[in-house]
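If you're wondering where the values come from, they're calculated on a predicted model, not measured in any experiment.
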Amino acid sequence: MAEKDFIEARGRVEEALPAGKFRVVLDGGQEIIAHLSGKLRKFRIRIMPGDDVKVEISPYDLTKGRITYRF
């Protein structure tokens, strides 16, 4: 899968879950479970409930994603 095969969406973090996962509600109302990308983990970017984030969603499973940017 190439890097551009993901669906990019914007959402808000609703809840921090165990194991570094987050419950994110997208702008369209859809709720997904997302984990942090490697760059956010590497540079220790903190994500808190209420933060606006950019999420990449796999076209194969629309309920899981990866947080790539915090606004």
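Once rounded to the nearest 0.5 Å, the distance linking CD of Glu15 with CD of Glu31 reads 8.5 Å. The CE atom of Met48 sits 10.0 Å away from atom CZ of Arg70, with the distance rounded to the nearest 0.5 Å. A distance of 8.0 Å separates OG in Ser37 from CD in Glu56, rounded to the nearest 0.5 Å.
The two residues Leu17 and Arg23 make their nearest non-hydrogen contact at CD2-NH2, 3.7 Å. In terms of heavy-atom proximity, Phe6 sits nearest to Pro59 at CA-CD, 4.5 Å. Here the shortest heavy-atom pairing between Ala16 and Pro49 reads N-CG, 4.3 Å.
Here Leu62 is tied into one hydrophobic group with Ile7, Val13, Phe22, Val24, Leu26, Ile32, Leu36, Leu40, Phe43, Ile45, Ile47, Val53, Val55, Ile57, Ile67, each link being a pair of ILVMFWY side chains closer than 4.5 Å.
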Carefully, step by step, assess Arg10 and Asp27 under the rule salt bridge (charged side-chain N to carboxylate O under 4.0 Å, His left out).
-> CA-CA 6 Å; Arg10 194 168 173 165; Asp27 287 345; 5.2 Å; no
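Using a distance-only test at 3.5 Å, with no hydrogens or angles considered, a donor-acceptor pair links the side chain of His35 to the main chain of Gly65.
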